[in-house]
Enquirer: 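Below is the structure I would like to discuss, written out as structure tokens.
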Amino acid sequence: MRVRPYRETATGLSDLSHLGLRDLLGTAVRVSPQLRQGLIGTGLLALLAGGGRIAAPLSVQRAVDAGLAPHTVVPSVAVGAGAVLVAGVSSMALNRRLQDRVEQALAGLRRAGLRRVHDMAAGVADRTPSADLVARLTSDVDQVTTFLQGGGIQFVTNAAQLLIAAVILLVYSWPLALPVLVLAGVLIAFMLGLQAVIARRYDRARRDLSQLQSVVAESVAGAPVIHSTGTQARTRRRLDRAVDRARDSLLGTLPALHGNAALGELAISVMTVTVLLGGVWLALAGSPAQPPLSAGQVVAMVFLVTFFVRPLQFLVQSLGEAQNALTGWRRALELVTTVSAEVPDGSPPVPGPIGVRVEHLSARYGDGPRVLHDVSVEIGAGEHVAIVGRTGSGKSTFAKVLTRRLEPCDGSIRFGEVPLHRLTGLAGRVVIVPQDPFLFDATLAANVKLGRPGASDADVLRVIDQLGLSGWLAELPDGPHTQVGLRGGRLSVGERQLVALARTALAAPDLVVFDEATSGVDPATDVAVQRALGVLTRGRTTVSIAHRMSTAGTADRVLVFDGGRLVQSGPPGDLAAQPGPYAGLLQAWS
């Protein structure tokens, strides 16, 4: 789903913090259409639930004014009991209906958010902490569920009850109802103004909690390194700072909430006293503008003002939880409404090995200086190109631009005849194999199957055999069913690379980019990796970011980068035979 763009944060995610409540709810309805389903039925149930509660004081008024006569009391009690029963059944049906709609909407929000994580621009994903993305899909959405389970759905019933009670109060005695409504209006206006303050503070609290989650996760995952390096004290100080920030942010929400609660209690008390004393006075004195109230009407007015102030009291007491839930919902919506990197009207690359043409390419990270300068090169379809250079020469940046993980600031890249930014359907066609490939906590076969949806165990064994890795697979304890552990932790670095190569081969891409694919491989495993690479690169366009010069020696052509510029290009044998940067790198390596 591609949605209209919103204001962006520094990381590239959508920023909805400037939207008011109405616009935010409008965005929520657009993203989660389940919320608008059955609104008429929901409204009728809310009116029945709220109106049924208020029927009770009307029945009491009729019975009192009739002198509590038996022929009046019994029907009044029956009507009141029936109304209460209708209110209870309607309230239960309303709760179930709203709970179902909202939970469906939240489930859809999580799914849409996860899809957006997978199709957002790589630069946005790189600049956004993973803990923040996880929090937006989990704890932030959980805040909405927690609020609903804690009585948030009662907002709908209370709103209907508040409206009906206000109308009946005006019918009974508008002079008496007027000060109550004015006080309620002032209280609601104050709470709406306070909402912006509370929203900002809860937004800061959610960000600081997300940062705390990131620090805790890093400290737990890196515990072995922390122990071995003796950096426990520094880690504890960093964790303490994150805890303190989260604590201070949460405490910062309390003054506004406490002030709101104090004012709410005062206003509600004044409303109740106004109706009670004013009702007695009108019952005894009356006036030309307002006839005297009967005893039943005074009793009914007291009940009605109770039904009127109870929703206000609920609103005042739950403002913090409501704003926390809204903040969590907004943060999840910001993820979903972030513009997708997918091009809906783009063109797919032509099937087969992809030729690449780079013209006057320059790139930078954020607002920093340029790290690539005016690079122009053409990579033929099916050609194996190795990129070499010293650390910081720009070779990894070139790979990031080539795989759309970084947007160029100048120049162009074409895959075939199609500009890179206009390409669509690159999944499976262009594959990058990083230095440390990510493996899921599953079997080896399950990780390889990710290369092609619907692949079978036979497909896995076939591709492993094609890469010459059958001997290695046979040495594993459970063969293809070996559990690799979290992030592949039960395998060595080289073995994780072999799994990644098998996964890439199963995907059968047309362009493969190896980003230092053999940099962490031990010499024994390097033989298997190089053999697999030779099979994998056959017949497809390949770009290898070469850390080892032995990798560059197997390429058809070598591109040498220095200071962000392409300074040499040619077959590795020719470059090695002439003085220049490549020969210097080769000599340093040997």
Side-chain angles (χ1 to χ4, degrees), residues 1-17 27-28 30-32 34 103-145 203 206-207 209-218 221 327-344 346 365-366 400 403-407 421 423-434 436-442 446-447 449-451 453 486-488 500 503 507 515:
M1 178 185 62
R2 190 175 180 87
V3 296
R4 70 179 181 88
Y6 294 90
R7 196 168 68 184
E8 291 185 352
T9 62
T11 63
L13 290 179
S14 286
D15 181 12
L16 307 183
S17 60
T27 300
R30 282 193 295 273
V31 172
S32 306
Q34 302 94 332
E103 288 299 337
Q104 285 187 26
L106 294 180
L109 192 65
R110 292 184 198 268
R111 286 191 289 266
L114 186 58
R115 287 196 295 269
R116 188 47 39 87
V117 169
H118 291 160
D119 65 20
M120 69 171 51
V124 177
D126 290 341
R127 293 193 301 270
T128 306
S130 57
D132 181 71
L133 296 176
V134 171
R136 290 174 187 267
L137 292 172
T138 54
S139 59
D140 287 338
V141 179
D142 289 341
Q143 288 296 327
V144 183
T145 300
D203 180 62
R206 300 303 307 170
R207 289 200 308 269
L209 287 171
S210 174
Q211 180 63 28
L212 173 61
Q213 182 178 354
S214 178
V215 173
V216 171
E218 190 177 60
T327 301
W329 201 329
R330 176 181 58 74
R331 281 171 50 83
L333 287 171
E334 287 177 339
L335 174 58
V336 174
T337 55
T338 296
V339 177
S340 170
E342 293 293 327
V343 184
Y365 291 96
K400 289 181 180 179
T403 54
R404 217 152 63 180
R405 296 191 63 83
L406 180 66
E407 293 294 329
H421 69 275
L423 281 172
T424 185
L426 291 182
R429 302 289 309 281
V430 178
V431 174
I432 182 170
V433 182
D436 188 11
F438 185 91
L439 299 186
F440 292 88
D441 189 7
N447 276 279
K449 288 177 184 178
L450 292 173
L486 185 64
R487 295 180 177 268
R503 182 166 62 196
D515 186 7

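Because the structure is a prediction, the values reported are computed rather than measured.
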Enquirer: Under the 3.5 angstrom rule, does the side chain of Ser14 hit a backbone N or O of Thr337 as a donor-acceptor pair?
Expert: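 Yes, because the side chain of Ser14 sits within donor-acceptor range (under 3.5 Å) of the backbone of Thr337.
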Enquirer: Would you check if the side chain of Arg116 reaches a backbone N or O of Thr338 as a donor-acceptor pair within less than 3.5 Å?
Expert: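 Here the side-chain-to-backbone pair exists.
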Enquirer: To the nearest 0.5 Å, tell me how far Asn447 CG sits from Leu439 CG.
Expert: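 Here the interatomic distance stands at 5.0 Å.
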Enquirer: Take Arg30 and Thr27 through the test side chain to side chain donor-acceptor pair (under 3.5 Å) and record every step on the way to the result.
Expert: CA-CA 5 Å; Arg30 282 193 295 273; Thr27 300; 3.2 Å; yes
Enquirer: List the residues meeting side-chain hydrogen bond (donor to acceptor under 3.5 Å, both in side chains) with Glu407, not counting sequence neighbours, and say none if there are none.
Expert: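 Once residues adjacent in sequence are excluded, Glu407 has no partner under the side-chain hydrogen bond (donor to acceptor under 3.5 Å, both in side chains) criterion.
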Enquirer: Considering all heavy atoms of both residues, which atom of Val31 and which atom of Leu109 are nearest to each other, and what is their separation?
Expert: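 Where Val31 meets Leu109 most closely, the heavy atoms are CG1-CD1, 3.8 Å.
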Enquirer: My understanding is that only residues two or more places apart in sequence, or in another chain, count here; which of them pass salt bridge (Lys or Arg N to Asp or Glu O under 4.0 Å) with Arg111?
Expert: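 Residues passing salt bridge (Lys or Arg N to Asp or Glu O under 4.0 Å) with Arg111: none at all.
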Enquirer: Counting distance only, does the side-chain N/O of Arg136 pair as donor-acceptor with the main-chain N or O of Arg331 below 3.5 Å?
Expert: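 Looks like yes, one N/O pair under 3.5 Å.
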Enquirer: Other residues, nucleotides and ligands only: do more than 12 of their heavy atoms fall within 6.0 Å of CZ on Arg110?
Expert: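 Enclosed: over 12 neighbouring heavy atoms sit under 6.0 Å from CZ of Arg110.
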Enquirer: Leu486: what forms a side chain to side chain contact (heavy atoms under 4.5 Å, CB included) with it, not counting sequence neighbours?
Expert: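 Counting only residues at least two positions away or on another chain, Leu486 forms a side chain to side chain contact (heavy atoms under 4.5 Å, CB included) with Asp441.
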Enquirer: Side chain to side chain contact (heavy atoms under 4.5 Å, CB included) between Arg404 and Val430: does it pass, once the steps are laid out?
Expert: CA-CA 10 Å; Arg404 217 152 63 180; Val430 178; over 6 Å; no
Enquirer: Would you sort out whether Asp140 and Leu335 count as a side chain to side chain contact (heavy atoms under 4.5 Å, CB included), showing the intermediate values?
Expert: CA-CA 11 Å; Asp140 287 338; Leu335 174 58; over 6 Å; no
Enquirer: So does Gly451 get a backbone contact from the side chain of Arg503, meaning a donor-acceptor N/O pair under 3.5 Å?
Expert: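 Such a contact is absent between Arg503 side chain and Gly451 backbone.
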Enquirer: What distance do Leu114 atom CG and Leu133 atom CG have between them, rounded to the nearest 0.5 Å?
Expert: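 Going from CG on Leu114 over to CG on Leu133, the span is 10.0 Å.
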